[in-house]
Structures are given as structure tokens and as C-alpha cells.
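Here's the structure we're looking at; comments come further down.
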Amino acid sequence: MRARLPIFLAVVQSILILTHLFLYETWTFFWGTMDSSTLIRLQATLALLSVSFVAASLLAFRYSNFLIRIVYTLSAIWLGLVNFFFLAACACWVVCVVPLLLGARMERRPLAVAFFGLALLTGIYGAVNASWTRVKRITVRLPNLPESWRGRTAALVSDLHLGHVRNRGFVRHIVRMLARLRPDAVFLTGDLYDGSAVNLDRLAQPWAEFSAPLGSYFVTGNHEEFSSPTKYLETVKRSGIRVLNNEKITLDGLQIVGVNYRDSVNVEKFRSILKQAALDRGVASILLVHIPNRLPVAEEAGFSLQLCGHTHRGQFFPFTLVVRRIYGQYAYGLNRFGGLTVYTSCGAGTWGPPFRVGSNPEIVLIRFE
């Protein structure tokens, strides 16, 4: 992973530079003549912005202070806006070129104002929407569910991505929502942290102020495993949340198995862990895992319900389409895979740009029947 990181960063940075160049060429073409000093300022601004997110990310994963938090947040917001501005630029060219091919002409500047203005409004909507956490209520009917669990509820919380953008205030907001919902148990399916350099204990502290009657349970996501997950696991434990590290527990008669991210993506390792769990197929069971893949393995092992996250449902367009392409119907929501019921949450937080367009942040309240 470390050996590939420079290549990955170089590719990302190259894409961002080319994207900003495309935005510059589009804006100057459609806006029309500008004086040389304005052009120089525009070039310098876009050049700086094109490297801002990669540079801020490198700093954010090593250092933590107020200035870095502000710089990272602003660069993440800009990255999200670039996505919508890029779509706006493409729309400008399409709407301009098609009439030209038909022998007609259009005023260019109004096109730029309209499409780039719409892109800005979309970004504003995405930021507001990403800050509005919904409660998604679902009912799940599991065969062989213990009588003690009928009518009980569990909250599924995934992908908070605590770091420089979503921080202590956000955790308190989630904890207050859980306190109002009063679930019997809480399941956290990974990416509680985003992997950046932060005060882990300070961010986890609000969890210590909340306790579900049957407890809270956590499995790692890919972001906890960017480096050694030990520091995250110890912090989570200190906040009163139980870590399920490839193990099974029986919670008032209901079987709960948690598998960490690294082992869940390896088919043979995943199969071996689930086999060692020695499920009683005559009793309902829940699998907590970060990512909605390897469903045949989970169904083969006899699980009743799999709870996961990871996808963010793409977070915002057009990545919503990409995620749907990768995970199909299991990209979001309640679905069936043979005898296995699967719920994939789109998560409560955001990673990178704090925007959501085409997806809503959520806490899932599951009622068992």
C-alpha cells in the first residue's frame, strides 16, 4: 500500500490539474475577453486550487491543528464544487456545439452563467443536505428470531468519518439522536474515523455519554486500516463500545458476528472466520461487516441478516452511478440474497467533499419481528 501511494497521488494530482485546466479554458472561452491582469489572477488561483486538496490531505494525515483543519475543510469543499463545475463545463460545450453543427449560434456568456450558477447552487444544496442526518426506519422479519428480540430495535450507524471535517460536534449530534431513538443495541459498521491525524479520545468521548441497554458493537472499516488499527480499537474500547474482531457473541439469544474489513475482503479468510463462528442455524444471526460484498459466503454460512455500509451510496452525482454499477442493488437499502437479508447503509458522515446529492446521511433504526 505504501509503495503504491506515490503513484496513486500522482495520478489523482494529474487528473485535478487537467480538470482545472479544462475549467479555465471553458470559462475564458465562454465568458469572453478579459484583461491580462484578470487572466493572471485566474490562472494563479486555479493553479493553487488544483493542488490544494492533495497537499491538504497529506498534511491532515500527519498533523492536527486548527489551521490544518480549516485548510483541509476548504480544500474538500472546493473539490466537491470542482465536480459540479466540471459537469457544468461539459454542459456548456454540448449546448454550444450542437447548435453550431446545425448552423445556429448561441450567446456563450449566458450559458456559462447559467450552468456554472446551477453548479454552485447544487454544491450549496449538497452541503446542506450532507449536514441533515435522517432517521431511516425499517422492519426486518428474521426466521427463528428469539422471542426476547421481537419488537426490539437496533440502530445501525456507519461511516461517520470523524476527522478534520466531521468532528466532536458531529459525534455529539449523532449521540443525541441515538438518545432520542432509544435503541436496544447499536451496531457500528466501520469507518468511524477517516484516518487523519486527530485527537482520537476527544472525538470518541461523547460515545461514553450514551449507553444502549444491550450495548454498542463495532467492526473496522477500510479507513481504520489505512495504518495499524490498534489505536482506533483501543480508543473505541475506552469509550465503552465493544469491538467485534472476527468473533461471535450471543446477545440475549441472538447470534452476532463481527468481521474486520481486512479479513472480510479475502474470500478464503472470510469463509474460514464464518465457519469458526459455528452458527446455530436454528437461531437467527446477524453479521456485522463494513462492505456489502462476499454475499455468497455469508449466505452459505447461514446468516439471517448482514448489516454494512462503505458505499455512501456514491455520496454525490455522478459517483452515485459508479457505486450502483459496482455493487448493483446492494449499493444501498434493504435487499435479499437468497436466504440472506442485507441492509447497506449510505452512512451518516462524508469523506472528502462534505456534500451529498443523490444520497442522504442516515441513522438506521431496525425493528425486529
Side-chain angles (χ1 to χ4, degrees), residues 1-6 8-9 54-73 76 156-175 178 186-212 215-247 249 256-266 269-270 273 288-291 308-310 312 347-352 354:
M1 176 67 180
R2 288 182 179 275
R4 294 196 298 266
L5 183 59
F8 173 75
L9 291 176
V54 171
S57 297
L58 290 173
L59 290 172
F61 277 84
R62 294 196 62 182
Y63 306 104
S64 179
N65 58 53
F66 178 76
L67 179 60
I68 287 177
R69 176 184 164 191
I70 294 299
V71 171
Y72 178 82
T73 301
L156 170 61
V157 183
S158 188
D159 298 274
L160 267 68
H161 287 277
L162 303 177
H164 292 292
V165 177
R166 305 292 178 195
N167 45 63
R168 187 183 172 95
F170 181 60
V171 183
R172 284 179 168 165
H173 165 65
I174 296 298
V175 167
L178 290 172
V186 176
F187 300 133
L188 297 129
T189 53
D191 285 0
L192 181 60
Y193 296 96
D194 73 358
S196 56
V198 291
N199 186 326
L200 299 179
D201 284 312
R202 186 173 185 276
L203 286 182
Q205 191 275 330
W207 286 108
E209 302 169 6
F210 169 81
S211 61
S216 300
Y217 304 88
F218 171 77
V219 294
T220 60
N222 55 304
H223 280 254
E224 280 90 19
E225 297 183 1
F226 281 167
S227 58
S228 171
T230 302
K231 59 185 177 183
Y232 299 108
L233 300 184
E234 292 302 320
T235 301
V236 168
K237 290 175 185 176
R238 285 194 295 270
S239 69
I241 299 170
R242 177 164 178 179
V243 175
L244 296 181
N245 191 8
N246 300 345
E247 61 184 301
I249 62 170
I256 313 289
V257 175
V259 181
N260 64 50
Y261 170 77
R262 182 177 289 111
D263 293 325
S264 71
V265 296
N266 183 305
K269 183 70 173 177
F270 191 37
I273 292 168
L288 305 181
V289 66
H290 182 57
I291 191 168
C308 47
H310 181 67
H312 294 218
T350 56
W351 182 78

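None of the values given here were measured: they were computed from a predicted structure.
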Has Glu224 got a side-chain atom pairing as donor or acceptor with Leu192's backbone, closer than 3.5 angstrom?
yes
From Asn246 atom CG to Ser264 atom OG, the distance as rounded to the nearest 0.5 Å:
9.0 Å
Answer yes or no for Arg69 and Tyr72: cation-pi contact, defined as NZ/CZ to six-membered ring centre under 6.0 Å and angle to ring axis within 45°.
no
All heavy atoms of Cys308 vs all of Leu156, minimum pair found to be O-CD2, 4.1 Å
Minimum-distance pair of heavy atoms, taken over all atoms of Ala348 and Leu160
CB-CD1, 4.1 Å
Closest approach of Pro354 to Val165 (non-hydrogen atoms, all atoms of both residues)
CB-CG1, 3.9 Å
Is the shortest heavy-atom distance from the side chain of Asn199 to the side chain of Asp201 under 4.5 Å?
yes
Taking all atoms of both residues into account, what is the closest heavy-atom pair of Ser158 and Gly309, and its distance?
OG-CA, 3.5 Å
Hey, does Ser64 have a side-chain heavy atom less than 4.5 Å from the side chain of His164?
yes
Look at the side chain of Tyr217 and the backbone N and O of Val186, then say whether any donor-acceptor pair between them is shorter than 3.5 Å.
no
To the nearest 0.5 Å, how far apart are CG in Asn167 and CG in Asp194?
10.5 Å
Tell me, yes or no, whether the heavy-atom count around Arg238 atom CZ, taken from other residues, nucleotides or ligands under 6.0 Å, exceeds 12.
yes
Non-hydrogen atoms of Leu200 and Tyr193 that approach each other most closely:
O-OH, 3.1 Å
Derivation and outcome, side chain to side chain contact (heavy atoms under 4.5 Å, CB included), residues Asn245 and Phe218
CA-CA 8 Å; Asn245 191 8; Phe218 171 77; over 6 Å; no
Trp351 and Asp191, any side-chain heavy atoms less than 4.5 Å apart
no
Parallel, tilted or perpendicular: ring planes of His290 versus His310, cut at 30 and 60 degrees
perpendicular
Any Lys/Arg nitrogen of Arg242 or Glu247 sitting under 4.0 Å from an Asp/Glu carboxylate oxygen of the other?
yes
Contact check, side chains of Val257 and Leu288, non-hydrogen atoms, under 4.5 Å
no
Nearest 0.5 Å, what's the CD1-OG1 distance between Ile68 and Thr73?
11.5 Å
Could you check whether Asp263 and Asn260, counting side-chain N and O atoms only, form a donor-acceptor pair closer than 3.5 Å?
yes
Using the side chain to side chain contact (heavy atoms under 4.5 Å, CB included) rule, take Val265 and Ile291 through it: C-alpha gap first, then chi angles, then the decisive distance, then the call.
CA-CA 8 Å; Val265 296; Ile291 191 168; 4.2 Å; yes
Considering all heavy atoms of both residues, which atom of Gly352 and which atom of Ala76 are nearest to each other, and what is their separation?
O-CB, 3.5 Å
Begin with the C-alpha distance, continue with both residues' side-chain angles, and end with the deciding distance and a verdict on side chain to side chain contact (heavy atoms under 4.5 Å, CB included) for Val219 and Val289.
CA-CA 6 Å; Val219 294; Val289 66; 5.6 Å; no
Validation row: Gln205, Arg168 side chains within 4.5 angstrom (heavy atoms)
yes
Thr220 side-chain N/O to Tyr261 backbone N/O, donor-acceptor pair under 3.5 Å
yes
Aromatic rings His223 and His161: how do their planes relate, parallel, tilted or perpendicular, breaks at 30° and 60°?
perpendicular
Please evaluate residues Val175 and Trp207 with respect to the criterion side chain to side chain contact (heavy atoms under 4.5 Å, CB included), reporting the C-alpha separation (whole Å), side-chain torsions for both, the decisive distance (0.1 Å), and the verdict.
CA-CA 7 Å; Val175 167; Trp207 286 108; 4.0 Å; yes
Contact check, side chains of Arg62 and Ser196, non-hydrogen atoms, under 4.5 Å
no
